[in-house]
Amino acid sequence: MRKLLLGLGLMAAILPASFATAQSTHLAIDASKPGAKIDRNIFGQFAENLGHGLYEGIWVGPDSSIPNTRGIRKDVVTALQALKVPNVRWPGGCFADQYHWRKGIGPAAQRPATLNSAWGGVVDSNAFGTDEFMDFIQQIGSQAYVSVNVGSGTPQEAAEWLEYMTTAQPTALEKERAANGHPDAYKVGFLGIGNESWSCGGDMTADYYVSQLKIYSRFVDNVNPSQQSKNQMLKIAVGPGFPETDWTEAVMKAWKQHDWSWNIDGLSVHWYTIANGWPPTTPSTGFGVEDYGKTLKSTLFMDEFLHKQEAVMDKYDPEKKIALVVDEWGAWHAPLPGTNEHFLVQQNSLRDAILASLNLNIFSRHADRVRMANIAQMINVIQAMILTDKEKMVVTPTYYVFKMYVPFQDATFVPVDFDPGSFHRDGITLPRVDALAARDAAGKIWIEITNLDPDKPVDIDAEITGMTAKSAKGETLTAPAVDSVNTFTAPNTVVPEPISVSVKGGRLTLTVEPKSVTVISLEP
Ligand code: AHR
């Protein structure tokens, strides 16, 4: 008997996950009850002048041996094009409140070297400035989200920056832009008025910030003729990076009383997953299921965080005119050993991919208010899409999640009724399953299922009403372990694979692997 038990134990250890005892979950998806639009801008990214995010990650310079277009890496551009990145926030972050845009325009040789005192005091050549950022945005097919300097700049400096970027009139700044090789006015989709003004942006009180907000909103304008009546630039105010709501209260109360002279369209909030509190200590490689569980538990707080801020916004803005913009989110782990601690370098594992899908699902469930979000950050910094090392580049598990979610951009939220179930590991209880559904413009239904359980597969039985699904297909992202990563030498450890699904008589059935992210499409 003992031998038999030992044998069974050994078998369980070597059998693939799909043979382990599966749990089952029933999903009820009613495609005839669509909800809010899942704004494509919630799949936005953040590219700060920090560490190797811009320099090396994007910018290698026109003379580099790394293939580039006008100094911008070709491999990175190609990878990002596939994500249909809707907007990129730049130049910061904390860096934005010390950035003086004039230092980053004109002939490269004449740009001054400055110190990046926000991030390690390293020397900044200013080679990647406004025109290079706009070139990058155009190469990847995205929109600019520019943060202006409220902390150490002036409203005049910010207004002139916007004029440099957006005027089509023959002003001195237009001529300067043309002389720099850019006769056509740029479009700026979004304007961030300061960054974390309660901390690195100038340690302001909420009331002081509100007085600055009014001035910047009044005087900093986008004058691009194509952005006047439609596609207007949205102005985004600083909101909190903490669950307390007094800052939100102050900004929303002021907005409620605003007159013709100023306005905002969004309120920014920042919320990172930092599993063990500040400073970040969770390793980004070589961790186990306990760290995985703690991190996912911590990330799920995003839902409560948003509800708290939304309750205040609803009080002043029941029509939901002001968008909640989560323009910094992601998993912030300990710096990789041997790296500059100011460069915020971390690896990116299957755990981060699962965490990304949970957050994207939360944002989608809040789609009536959360209409924009920016993962921090795009390349080589915190929860990155892409890692580079000189000529080498690898895409991360988080990159694949963003790729799998492309069909959800601007799709209509469809409610999914399901019991998430739960599992218990190392003193932590987590939901076993999360799910999201949406209908795209062509009438296809897209379903995402995250299986958080690191050990057990889940049999999914989904009942689809409101559409007749003729066929289904899907793909799954999983890997051997929760800490599996893609590296320059093993880039395909965590990649999506096709999955077997069946759809018959309005029922979709499939089995999702442990610790996985799955996206399925149903053809009408
Ligand atoms: O993303 C890194 C930093 O985190 C940003 O510069 C800042 O806004 C936040 O505190």
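One-based numbering, in listed order, for ligands and for the atoms of each. Owing to the predicted nature of the structure, the values given are computational and were not obtained by experimental measurement.
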How close does the nearest protein non-hydrogen atom get to [atom], and which residue and atom is it?
atom	answer
atom 9 (C) of ligand 1	E328 OE1, 3.0 Å
atom 10 (O) of ligand 1	E196 OE1, 2.8 Å
atom 1 (O) of ligand 1	Y272 OH, 2.7 Å

Using a strict 4.0 Å cut-off to heavy atoms of [X], name the atoms of ligand 1 that fall inside it.
X	result
Q377	1 (O), 2 (C)
E48	1 (O), 2 (C), 5 (C), 6 (O)
F46	1 (O)
C94	5 (C), 6 (O), 7 (C), 8 (O)
I382	1 (O), 2 (C)

Fill in: Minimum heavy-atom distance between W271 and P243, given as atom pair plus value
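Residues W271 and P243, closest heavy atoms: CZ3-CD, 3.8 Å.
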Fill in: Residue that, paired with N126, satisfies side-chain contact (heavy atoms from CB on, under 4.5 Å) out of I105, T114, N49
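Going through I105, T114, N49 one by one, the side-chain contact (heavy atoms from CB on, under 4.5 Å) with N126 is satisfied by T114 alone.
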Fill in: Of N224, L191, T167, D221, the residue whose pairing with L162 passes side-chain contact (heavy atoms from CB on, under 4.5 Å)
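Exactly one pass, corresponding to L191.
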Worksheet entry | W119 touching ligand 1 at heavy-atom level, < 4.0 angstrom |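 The answer is yes: ligand 1 sits under 4.0 Å from a heavy atom of W119.
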Worksheet item: Between F46 and R89, is there a cation-pi geometry (under 6.0 Å to ring centre, at most 45° from the normal)?
Response: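 Yes.
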Worksheet item: Once you round to the nearest 0.5 Å, how far does CZ of R70 lie from CG of D135?
Response: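 Rounded to the nearest 0.5 Å, the CZ-CG separation comes out at 4.0 Å.
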Fill in: Verdict with supporting geometry, F219 and W262, ring-ring contact (aromatic ring centres under 6.0 Å, His included)
CA-CA 8 Å; F219 296 111; W262 73 279; over 10 Å; no
Worksheet item: Any Lys/Arg nitrogen of D317 or K256 sitting under 4.0 Å from an Asp/Glu carboxylate oxygen of the other?
Response: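 Not counted as a salt bridge, because no side-chain N and carboxylate O are separated by less than 4.0 Å.
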Fill in: Residues K294 and D426 bridged, charged N to O under 4.0 Å
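Judged by the 4.0 Å cut-off on N to carboxylate O distance, K294 and D426 do not form a salt bridge.
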Discussion item. Using a plain distance cutoff, I'd like to know if F95 has any nitrogen or oxygen under 3.5 Å from a nitrogen or oxygen of ligand 1.
Written reply: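 The answer is no, given that F95 and ligand 1 share no N or O pair closer than 3.5 Å.
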Fill in: Under-4.0 Å heavy-atom contact with ligand 1, by part of V381 that carries it
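V381 to ligand 1: no contact under 4.0 Å from either part.
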